There are 2 protein chains.
Amino acid sequence: MQDEAVVYIIDDDASLREALDSLFRSTGLSTRQYDSVAAFMAAAPPADTPGCLVLDVRLPGMSGLDFQQKLDELGIRLPAILMTGHGDIPMTVRAMKAGAVDFLAKPFRDQEMLDAVAIALDRGRQQRIASAKIEALKALHATLSPRERQVMALVSAGLLNKQVAGELDLSEITVKIHRGSAMRKMGAKTLADLVRMAEALGLAPE
Amino acid sequence: MQDEAVVYIIDDDASLREALDSLFRSTGLSTRQYDSVAAFMAAAPPADTPGCLVLDVRLPGMSGLDFQQKLDELGIRLPAILMTGHGDIPMTVRAMKAGAVDFLAKPFRDQEMLDAVAIALDRGRQQRIASAKIEALKALHATLSPRERQVMALVSAGLLNKQVAGELDLSEITVKIHRGSAMRKMGAKTLADLVRMAEALGLAPE
DNA sequence: AAGCCAATTATATCATTGTATGATAGCGCG
DNA sequence: CGCGCTATCATACAATGATATAATTGGCTT
């Protein structure tokens, strides 16, 4: 597994927290314990570190289901595993639709939880890899001047320099300059690279 | 909703089938009824027509859950809504993980089922649109000669004609021929188009 | 006010690409 | 055997793209 990963345990039952804590630590995972959603939010802003949530659906204050939704709205992409003592089917469906990695009815076997955590951490890793690529591209794209961005979009759409010039009411030479600058700033060695970058950035001409 | 869409109802309870049947027909949907998975498989090969499945998890012969998996293995992408009279949480989780649109515990309200069907049909529509694009591209790609495919892959990767020629031990002129043929056959007006097609086809130069 | 940067245009040179024309060769199929 | 397709290479020309040098303008910062 990944030993830098942190499992955030949120449950109001201290004995269960401790049990999970030792289970995870026995496999080399780091853990954090919280007795409520509020405690989690107050304590640890889970930046972009690897990890996952393990939480009960019924918690003091905010339910695990609402929390799941709230995290999503906040843009915090942390894979979640939900637990429940008295869950029903609609609750399960809602959790899974909201993207939960798993939904475990208490009592569950240690191995079930460990498997779920492994999947959650892997899913989180994939998400981080994917979003890191996009973020890197966005960062590069942000360094472009407005004109360079326009030219990049049109060139990536397949327009010739001449056509871009007509579209933006510029001379072809100017387009070449911006095009070259955009390629250099984006780190694109070839036009194919630039097209793929524009694709990943979702650049659509107008 | 979509009135060409067909809802395939699979349940061994004839009265429930009839109830669902009239519910769906009242909203303009077409329906087909089957009392088992075997009957469905024997009767209707659900080609590429819009539609979705509504089936019980417990069925004579093969369970709805196993059927879900089997359909996936057969490459039949038909969104499924599962129903259950005595379902539990693990069963629900398994169904949702397998891609079920919804999992409804009997008894459910008519509107819940209709909402689920609407979502299922929409999801199916999206899938068909996406796969139709890919299939069209694959069909075009299949008309390319082996050389044209090689050249297309390398050109899309960003190599210059000269570099492609070196890679394939050809003259630059020959590369141009194949490149032009590939562009024409694929219907790509610009290099950017070809790159996007190669991307969609998952063409990676080894 | 001076300096920096984005944006613009121009000239010039060189590499790359697109396309047409022509030619040769192997392969399978009726 | 001839026909068509694929594959190969060549010459030639026109269009396009990449890059450097140089100059002008306007906005923003120091």
Side-chain angles (χ1 to χ4, degrees), chain A residues 136-201 203-206, chain B residues 136-201 203-206:
Chain A
L137 280 183
K138 281 185 181 172
L140 288 175
H141 192 244
T143 68
L144 299 187
S145 70
R147 273 302 198 206
E148 288 163 353
R149 268 191 285 272
Q150 287 180 310
V151 171
M152 172 177 171
L154 294 173
V155 166
S156 298
L159 275 70
L160 299 177
N161 287 342
K162 188 184 298 184
Q163 296 171 314
V164 175
E167 197 76 27
L168 300 179
D169 199 33
L170 296 176
S171 78
E172 194 178 334
I173 298 89
T174 306
V175 172
K176 288 186 181 183
I177 300 290
H178 293 315
R179 179 179 183 151
S181 301
M183 296 274 292
R184 185 174 38 76
K185 288 185 179 177
M186 294 298 294
K189 293 184 189 66
T190 67
L191 174 59
D193 289 340
L194 197 70
V195 172
R196 274 186 286 268
M197 289 177 179
E199 191 80 349
L201 285 169
L203 293 191
E206 87 260 32
Chain B
L137 280 183
K138 281 185 182 173
L140 288 176
H141 192 245
T143 68
L144 299 186
S145 70
R147 271 303 198 208
E148 287 163 353
R149 268 192 284 274
Q150 286 181 311
V151 171
M152 172 177 172
L154 294 173
V155 166
S156 298
L159 276 67
L160 299 177
N161 288 343
K162 189 183 298 183
Q163 297 171 314
V164 175
E167 198 76 27
L168 300 179
D169 199 32
L170 296 175
S171 77
E172 193 178 335
I173 297 87
T174 306
V175 173
K176 287 186 182 182
I177 302 288
H178 293 315
R179 179 178 184 152
S181 300
M183 296 274 290
R184 185 173 39 76
K185 289 185 179 177
M186 295 298 293
K189 292 185 191 65
T190 67
L191 175 58
D193 289 339
L194 198 71
V195 171
R196 273 186 287 267
M197 289 176 179
E199 191 79 350
L201 286 169
L203 294 190
E206 73 259 39

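Letters A, B, ... are given to chains in the order of the sequence lines, protein chains preceding strands, and every chain is numbered from 1. Every heavy atom of this structure was used, including side-chain atoms; hydrogens, water molecules and symmetry mates were not. These numbers come from a predicted model, not from an experiment.
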- For residues A:L168 and A:V151, determine if any side-chain heavy atom of one lies less than 4.5 Å from a side-chain heavy atom of the other. yes
With a 4.5 Å heavy-atom cut-off, do B:L154 and B:Q163 have their side chains touching?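 Of all side-chain heavy-atom pairs linking B:Q163 with B:L154, none is under 4.5 Å.
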Note to self: Please report the distance, rounded to the nearest Å, between CD in A:Q150 and P in C:dA6.
What the structure shows: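 Roughly 15 Å, once rounded to whole Å.
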Checklist line | Distance in angstrom units between B:L170 CG and D:dA10 C1', rounded | finding: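 To the nearest whole Å, that distance equals 14 Å.
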Check step by step if side chain to side chain contact (heavy atoms under 4.5 Å, CB included) holds for A:L170 and A:Q150.
CA-CA 12 Å; A:L170 296 176; A:Q150 287 180 310; over 6 Å; no
Is any side-chain nitrogen or oxygen of A:S171 closer than 4.0 Å to OP1 or OP2 of C:dT8?
-> no
- Is A:H178 near enough to C:dT8 that one of its side-chain N or O atoms lies under 4.0 angstrom from OP1 or OP2?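 Looking at the OP1 and OP2 atoms of C:dT8, one of them is under 4.0 Å from a side-chain N or O of A:H178.
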Worksheet entry | Test item: A:R149 side-chain N/O and A:H141 main-chain N/O as donor-acceptor pair under 3.5 Å |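 Side chain of A:R149 to backbone of A:H141: a pair is present.
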Checklist entry - How far apart are the C-alpha atoms of B:L191 and B:V155, what are their side-chain angles, what is the distance that settles it, and do they pass the side chain to side chain contact (heavy atoms under 4.5 Å, CB included) test? => result CA-CA 9 Å; B:L191 175 58; B:V155 166; 3.7 Å; yes
task: Let me see the working for B:L140 and B:K185 under side chain to side chain contact (heavy atoms under 4.5 Å, CB included), right down to the final yes or no.
output: CA-CA 7 Å; B:L140 288 176; B:K185 289 185 179 177; over 6 Å; no
Taking only N/O atoms, report every protein-nucleotides 16-23 of chain C pair under 3.5 Å with atom names and distance.
from   : atom 1 : to     : atom 2 : distance (Å)
C:dT16 : OP2    : B:K162 : NZ     : 2.6
C:dT17 : OP2    : B:N161 : N      : 3.2
C:dG18 : OP2    : B:R179 : NE     : 3.1
C:dG18 : N7     : B:K176 : NZ     : 3.3
C:dG18 : O6     : B:K176 : NZ     : 3.3

